[in-house]
Amino acid sequence: MIVTALQWSTFAVCTLVALARIPSARRGENRPVFYVLVLLMAAILLSIEEPYDAIDGFLGGVNVANVVLRFVGFAAVFFLGLQIAKGFSAEDARRFLTGPVGIGMGVLSSAVVIVLFLMMDTAGSSAGLVEVAAKSGRNRVLVEYYGAAGRLYPAFVLLALLPAMIRTAGSRLPLIIRGSAVSLAVGSVAMALTLGFPLIPPGLGCWRFVINYTGILFLVLGLVLIWVGRMAAKRRPRSQPAGTSE
Amino acid sequence: MSTADICRISGLKRTTLAQQLVRGKVAETTVVSISRALGLNPAESLANFSTFADLTRLAQPPTPAELVSQVATMDLLQAVITRSAADPKDGSGTLRALSPAPHATSVRNWVDAIDDGELRHRVSAATGVAPQNYSAQLTANRLSPELAVATSRAGGVGLTGGLVATGLITEAEAGWPVDARQSALDALSDGELVALAGERLQALGKTLRRQEQEQAQTEKIWENLG
């Protein structure tokens with residue numbers, strides 16, 4: 001129950017934010033962030049049972065939708081990472097993510113996701129591959145690794161940006177920017193924690209969802225804060241810097 | 001006199017004063033506002049509290065360096081220009097009135113004026129306030145009254161200087177003669193004046209550059225993530 005509510009509210013937040021940004025996206029302001037939000041929307045939609053079943057049914061009912069979900073997630077986090085790196089002046093992180101190591105990590109994660117998917121018996125649409133995992137012991141192990149591979153790249157990108165976020169949070173920039181950096185950092189840490197999911201005892205499975213969606217919510221909140229800050233800054237003209245008003 | 005009367009004449013918010021009284025911790029600014037409203041000297045009123053007990057008893061006049069530190073940077077530059085333009089025989093030339101203390105960097109300038117190099121360590125040791133927190137206050141052109149007095153003590157100067165530099169009390173309330181700052185400024189040699197103005201300009205330039213940098217960073221974030 002809590003899990004479903006968390007999923008739908010995360011989706012609602014993402015959708016609202018994306019809708020609210022349509023006017024500025026049409027003006028050509030910061031389209032990448034708009035695309036990231038649309039990708040996130042798609043990813044969340046694909047992780048909720050009802051829409052997943054509908055879409056996967058359309059794609060043949062062999063859970064290809066789950067692979068699509070992984071790649072949508074990769075794309076969203078890649079573009080979000082680039083924007084964060086550019087915005088927070090993290091030239092080193094940007095070069096790292098677009099360099100051999102960063103791209104290699106993306107390719108490796110993608111390859112592992114595809115190979116593991118092909119090794120599974122994936123017939124029968126099931127959000128989160130729950131029923132696929134229940135089919136056999138072999139499938140359960142494969143699904144576990146498949147999920148881990150799908151979380152690896154996002155965690156990798158966000159961890160690479162964590163230093164820049166912490167640096168911005170501790171800077172003397174406007175409070176709303178620092179708040180947003182804190183929110184992005186919390187979201188990133190949550191996404192990194194998802195790598196530890198295999199260590200969570202089966203009985204506490206709902207924690208997986210809580211950590212996962214808290215992560216996404218904090219990332220989106222971080223973006224919203226920056227957006228709000230920008231609008232507020234545009235509305236009121238900049239005050240004169242101290243020291244020149246004498 | 002009731003607290004309501006006090007609030008009315010001093011312009012304090014009733015809720016603010018009530019809260020401070022309940023907590024048993026009345027802010028220094030409150031004491032100053034009420035003293036002014038009652039026609040009392042704020043420094044003397046503050047001296048009724050143990051932290052500031054020797055505020056008036058040990059009153060000693062401010063040093064010339066302290067006085068000059070309370071001259072605004074633009075006034076210093078004005079003095080440089082006036083002196084260079086004035087007829088050498090005419091003396092100081094015509095000066096416009098100095099803007100009243102405190103100015104935009106008065107707290108840091110005051111601390112620098114009484115700092116022998118070890119002052120910050122002594123203040124930190126005496127009050128337990130970490131040096132970086134102390135520096136942060138100076139950068140923000142702030143200093144809590146208690147720290148201001150502790151700084152005066154550690155610097156071996158009159159105890160009211162810091163309260164003037166932070167704007168808690170006026171020069172007159174601290175007992176500084178009306179033209180004390182102007183006299184101290186006039187007493188500087190041309191070399192001293194120009195060197196001091198140069199230091200201030202350099203510091204101002206650094207602050208402005210930092211602000212511009214932060215502004216540029218902020219723009220970049222709005223641009224890419226906003």
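Below, read A as the first sequence line, B as the second, and so on, with proteins coming before strands; counting in each chain starts at 1. Quick caveat, the model's predicted, so the values are computed rather than measured.
For B:Thr139, the part sitting under 4.5 Å from any heavy atom of chain A is the side chain, from C-beta outward, and nothing else. Using a 4.5 Å cut-off between heavy atoms, B:Ser99 does not touch chain A at all.
B:Arg14 CZ: 12 or fewer foreign heavy atoms inside a 6.0 Å radius. Dense packing is recorded around CD of B:Gln132, with more than 12 heavy atoms of other residues, nucleotides or ligands lying under 6.0 Å away. Within a 6.0 Å sphere centred on CZ of A:Phe218, other residues, nucleotides and ligands contribute 12 heavy atoms or fewer. With a 6.0 Å radius and a threshold of 12 heavy atoms from other residues, nucleotides or ligands, A:Phe34 has its CZ atom above the threshold.
Close approach to chain B, defined as a heavy atom under 4.5 Å from one of its heavy atoms, is seen in A:Gln83, A:Ile84, A:Lys86, A:Gly87, A:Phe88, A:Ser89 of residues 68-93 of chain A, taken by number. Proximity to chain B at a heavy-atom threshold of 4.5 Å picks out A:Thr168, A:Arg172, A:Leu173, A:Pro174, A:Ile176, A:Ile177 from residues 158-179 of chain A, in numerical order.
Side-chain contact check for B:Ile221 versus A:Ile226: some heavy-atom pair is nearer than 4.5 Å.
The heavy-atom pair separating B:Trp222 from A:Ala233 by the smallest distance is NE1-CB, 3.8 Å.
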